[in-house]
Amino acid sequence: MTGKKMAMATLAIWVAAGAVVAHSGATGVVRERMEGMVAMRDALRDVTPMMRGEAPYDAARVAEAGRAIAAHAGSEMTRLFPEGSADGVSYAKEAIWQERETFDALAEELRRHAEGLVQAAPNGLTAPDPHAGMAMGGSMAGHEGMAMPGDAPAQAGPGAEYSVAQLLGVEPRRRTEQTVLASASAASGSVDTPGYETLAAPEVFRRIGETCAACHGRYRAGS
């Protein structure tokens, strides 16, 4: 991403974030959920440069971000959207209550991915090598450079294909929104949890970003 595009994406984030913080008249559950959204935004913002390979990776900070997001997702998020709380300064769309099952599933999916980020944090920017230490008719020791058939090259520039705004859920990724929504709807019936401990942290972070973007695009006015 060019410096200009990065600046524009960052500006979009702060404009959207400022709109939330500017809700000085918000009270009760509306204020609570806005504060929760700001907390999740801050957690994502803090580790975005790491996910994009633009700052030194810190597993402890990534895990901390995952815990912060999980603390405001799932049932903790959905309880802050009771019937009749869309009035006044709220940006919440009526679609939340019209499609409650899907909204709740997205909130739960966000919690799972956030907890998954905690599990994936120690892996860093690349997934663990499933062939590490594998013996094939003899020891693999001394053959660190040997390529296994079918091995895919490591992803260059983790998260580079996503803007900061998309990773933070401010700018919806329209192409994937329906896929994420369909996945969340399916998950409300049966959950097929991925093995987060086998994934690279940026892959889990991408899933968090897509879930946030899908939710904002469908249920937040002005997205």
Side-chain angles (χ1 to χ4, degrees), residues 8-49 51 61-118 162-174 176-177 180-181 184 188 204-223:
M8 292 176 66
T10 303
L11 177 61
I13 292 168
W14 288 114
V15 168
V20 174
V21 177
H23 280 309
S24 57
T27 59
V29 293
V30 175
R31 184 176 184 83
E32 280 189 71
R33 67 194 185 211
M34 287 176 181
E35 291 173 345
M37 297 299 175
V38 169
M40 289 191 286
R41 177 211 67 194
D42 289 349
L44 286 168
R45 179 200 60 201
D46 289 347
V47 297
T48 292
M51 297 298 112
R61 285 180 60 192
V62 172
E64 181 181 352
R67 286 189 288 269
I69 296 166
H72 295 283
S75 60
E76 180 62 21
M77 177 186 291
T78 57
R79 76 172 182 84
L80 298 176
F81 288 86
E83 290 282 351
S85 62
D87 299 330
V89 295
S90 175
Y91 277 148
K93 290 182 179 179
E94 287 292 343
I96 289 176
W97 295 277
Q98 296 166 357
E99 303 171 357
R100 190 69 202 219
E101 185 174 310
T102 300
F103 176 74
D104 289 356
L106 279 171
E108 181 59 22
E109 180 177 90
L110 178 59
R111 183 195 63 77
R112 290 199 309 274
H113 289 336
E115 292 181 349
L117 184 60
V118 178
Y162 308 111
S163 72
V164 179
Q166 288 169 336
L167 286 170
L168 291 180
V170 173
E171 176 185 314
R173 296 182 65 239
R174 298 296 181 184
T176 61
E177 180 178 324
V180 174
L181 288 168
S188 65
V204 183
F205 190 74
R206 177 185 64 80
R207 298 181 187 199
I208 290 173
E210 288 187 350
T211 302
C212 289
C215 193
H216 275 233
R218 194 171 188 86
Y219 299 120
R220 183 182 186 277
S223 293

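From a predicted model like this one, the values you see are computed outputs, not experimental measurements.
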statement: CD1 of I96 to CG of L106, rounded to nearest 0.5 Å, is 10.5 Å
query: CZ/F81 to CZ/F103 distance, rounded to the nearest 0.5 angstrom?
result: 4.0 Å
- prompt: For A68 and A43, which heavy atoms make the closest approach, and how far apart are they?
  reply: CB-CB, 4.1 Å
- prompt: Looking at SG of C212 and CZ of R41, how far apart are the two atoms once the value is rounded to the nearest 0.5 Å?
  reply: 12.5 Å
task: Report yes if the side chains of R45 and D42 come closer than 4.5 Å at any heavy-atom pair, otherwise no.
output: yes
E32/R79 salt bridge by N-O under 4.0 Å criterion: yes
statement: dist T102:OG1 -> E109:CD (nearest 0.5 Å) comes out at 11.0 Å
message: If we ignore hydrogens and angles and just use 3.5 Å, is the side chain of W97 paired with the main-chain N or O of G84 as donor and acceptor?
response: no
message: On a heavy-atom basis, which atom in A114 and which in I208 lie closest, and how many Å separate them?
response: CA-CD1, 3.9 Å
query: What pair of heavy atoms forms the shortest contact from A26 to R31, and how long is it?
result: O-CD, 3.5 Å
field: Point-to-point distance, once rounded to the nearest 0.5 Å, from CG of L110 to OG1 of T211
entry: 6.0 Å
statement: L80 and V29 have their tightest heavy-atom pair at O-CB, 3.9 Å
field: M37 side chain reached by H72 side chain, heavy atoms, under 4.5 Å
entry: no
- request: Compare every heavy atom of P82 with every heavy atom of R33, then report the nearest pair and how far apart it is.
  value: NH1-CD, 4.5 Å
message: Between M34 and Y91, is there a side-chain heavy-atom distance shorter than 4.5 Å?
response: no
message: Assess, by modelled atom type and distance only, whether the side chains of R111 and S75 contain a donor and an acceptor separated by less than 3.5 Å.
response: no
- prompt: If you look at every heavy atom in A86 and E94, which pair is closest and at what distance?
  reply: CB-OE2, 3.7 Å
- request: For the pair R61 (side chain) and D46 (backbone), establish whether a donor and an acceptor sit closer than 3.5 Å, ignoring hydrogens and angles.
  value: yes
message: Once rounded to the nearest 0.5 Å, what's the spacing between atom CG of L117 and atom CE of M51?
response: 6.5 Å
- prompt: Does the distance from a Lys or Arg side-chain N to an Asp or Glu carboxylate O, for R207 and E210, drop under 4.0 Å?
  reply: no
